[in-house]
Asks: 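Quick one: the structure is below, and I'll ask about it shortly.
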There are 2 protein chains.
Amino acid sequence: MTSTPVRTTRQRRAVSAILAELDAFASAQDIHEKLRSNGDAVGLSTVYRNLQALSDAGEVDAIRGDDGEVLYRRCSSGHHHHLVCRTCGRTVEVEGPTVESWADRTAREHGFVDVEHTLEIFGTCDTCAH
Amino acid sequence: MTSTPVRTTRQRRAVSAILAELDAFASAQDIHEKLRSNGDAVGLSTVYRNLQALSDAGEVDAIRGDDGEVLYRRCSSGHHHHLVCRTCGRTVEVEGPTVESWADRTAREHGFVDVEHTLEIFGTCDTCAH
DNA sequence: GTGGATTTGACAACCGTTCCCAGGCTTCCT
DNA sequence: AGGAAGCCTGGGAACGGTTGTCAAATCCAC
Ligand SMILES: [Zn+2]
Ligand SMILES: [Zn+2]
Ligand SMILES: [Zn+2]
Ligand SMILES: [Zn+2]
């Protein structure tokens, strides 16, 4: 089995750095723009590639926004879901053992196997609701 | 307030008819193709428009597939979620009062208001798992 | 049947994302 | 340090789903 060679380039570090200091979900283009305005210019293709790599490696979560664009966020490692403010983007990671078992049980009752699920909660946070 | 005039055209009826006899979620292009092979030719733009109208009217559910394309399905009217076979597309509507209250409670505990959520379960159905 | 607003459909435009590939940069070996 | 190997980058072209455009067709109320 071949090992997976990974080089630590300036660009890769820059993308990770942005993600580290970001609380909300952001699109590839958002991140590309932030990098640019930080002076750390990185090609758009490279941003896409690195975000996907990070996502594949499980280092960031990826969800799809209403308009269909993919949004990324550095998250804790375990299985969890998100409570997202639809105004400011502030995001809280939440866990719900009850939901997990309900989803598995429901799927099993209907004869489904190899089950996964997606669950996101959207609302307006107290700050934005003033 | 202006009323919303709606004309029952051949095309609109054809799209609704396809949705009525379809169990699985299907994309606009899937439906366009089915209509075409049924002999009921309908322009692609028209299919998109009518699906969106039906979705806005709450007559069909719309979810987003893994690759980002929007999938439509005629569903029952109340709030529910879906258990979808990722191989054949067979879909079961499921309800989970437990989940509903958990989502609302969790959001409230974090100070969020005006809350919505999305939840879909994907797996392999017994037929496809043979 | 006629008038007039709604709807259609072919095509262009859009937008996020992926592909391509020549040149650059990390790594590793000596 | 010097150099070879090949992963990585980036600019632009290509892609696929979706939306916009607008003249022509259609539906419906009168
Ligand atoms: Zn907020
Ligand atoms: Zn879960
Ligand atoms: Zn199946
Ligand atoms: Zn629900």
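In what follows, chains carry the letters A, B, and so on, assigned in the order in which the sequence lines appear, proteins first and then strands, with residues in each chain numbered from 1.
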Asks: In this structure, how many angstroms lie between the P atom of C/dT18 and the CG atom of A/Asp56, rounded?
Replies: 10 Å
Asks: Check every strand shown and say whether B/Arg49 touches a base, only sugar-phosphate, or nothing at a heavy-atom separation below 4.0 Å.
Replies: base
Asks: Provide, to the nearest angstrom, the distance between the NE2 atom belonging to A/His32 and the C1' atom belonging to C/dT17.
Replies: 13 Å
Asks: Name the closest nucleotide to the B/Ser45 side chain, picking from C/dG9, D/dT9, C/dT18.
Replies: C/dG9
Asks: Would you confirm whether A/Ser16, through its side chain, and A/Arg13, through its main-chain N or O, come within 3.5 Å as a donor-acceptor pair?
Replies: no
Asks: How long is the line joining OH of B/Tyr48 and P of D/dG17, in whole Å?
Replies: 7 Å
Asks: Please determine whether a side-chain nitrogen or oxygen atom of A/Asn50 lies at a distance below 4.0 Å from atom OP1 or OP2 of D/dC8.
Replies: no
Asks: Under 3.5 Å, is there a donor-acceptor pair between the B/His117 and B/Asp104 side chains?
Replies: no
Asks: How long is the line joining CG of A/Leu51 and P of D/dT9, in whole Å?
Replies: 12 Å
Asks: Quick one, A/Arg73 and A/Leu22 - any side-chain contact, counting heavy atoms below 4.5 Å?
Replies: no
Asks: With the side chain of A/Leu44 defined as its heavy atoms from C-beta on, choose the nearest nucleotide among D/dT9, C/dT8, C/dT17.
Replies: C/dT17
Asks: Please determine, for the side chain of A/Arg10, which listed nucleotide (D/dT18, C/dT8, D/dG10) has the closest atom?
Replies: D/dG10
Asks: Would you say that A/Glu120 contacts A/Ile63 through its side chain, given a criterion of any heavy-atom pair below 4.5 Å between the two side chains?
Replies: yes
Asks: Report the nucleotide, chosen from C/dC11, C/dT26, C/dT17, that has the shortest atom-to-atom distance to any side-chain atom of A/Thr8.
Replies: C/dT26
Asks: Send over the distance from B/Ile31 CD1 to D/dG17 C1', rounded to a whole Å.
Replies: 14 Å
Asks: Between C/dT17 and A/Gln52, is there an OP1 or OP2 to side-chain N/O distance shorter than 4.0 Å?
Replies: no
Asks: Taking for each residue the nucleotide of DNA chain D bearing the nearest heavy atom, is the 5' side occupied by A/Arg36 or by B/Asp67?
Replies: A/Arg36
Asks: Quick one: are B/Leu83 and B/Glu93 in side-chain contact, heavy atoms under 4.5 Å?
Replies: no
Asks: Just compare D/dC27, C/dG16, D/dT19 and give me whichever is closest to any side-chain atom of B/Thr9.
Replies: D/dC27
Asks: More 5' along DNA chain D: B/Gly68 or A/Val47, using each one's nearest nucleotide?
Replies: A/Val47
Asks: Distance check needed: C/dG9 P versus B/Arg12 CZ, whole Å only.
Replies: 11 Å
Asks: Do B/Glu100 and B/His79 have side-chain atoms, one donor and one acceptor, less than 3.5 Å apart?
Replies: yes
Asks: Would you say a side-chain N or O of A/Gln11 is under 4.0 Å from OP1 or OP2 of C/dC25?
Replies: no
Asks: Separation of B/Arg64 atom CZ from D/dG16 atom P, in whole Å?
Replies: 18 Å
Asks: Identify which nucleotide among C/dG16, C/dT8, C/dC25 has an atom closest to any side-chain atom of A/Arg7, counting heavy atoms from C-beta outward.
Replies: C/dC25
Asks: What is the distance, rounded to the nearest whole Å, between atom OH of A/Tyr72 and atom P of C/dG16?
Replies: 13 Å
Asks: Among the nucleotides C/dG16, C/dT8, D/dG10, which one has an atom lying closest to any side-chain atom of A/Gln29?
Replies: C/dG16
Asks: Counting heavy atoms from C-beta on, name the nucleotide in C/dG9, C/dG16, D/dT18 closest to the side chain of B/Ala28.
Replies: D/dT18
Asks: Mind checking A/Asp30 for me? I need base, sugar-phosphate or nothing, with any heavy atom below 4.0 Å counting as a touch.
Replies: nothing
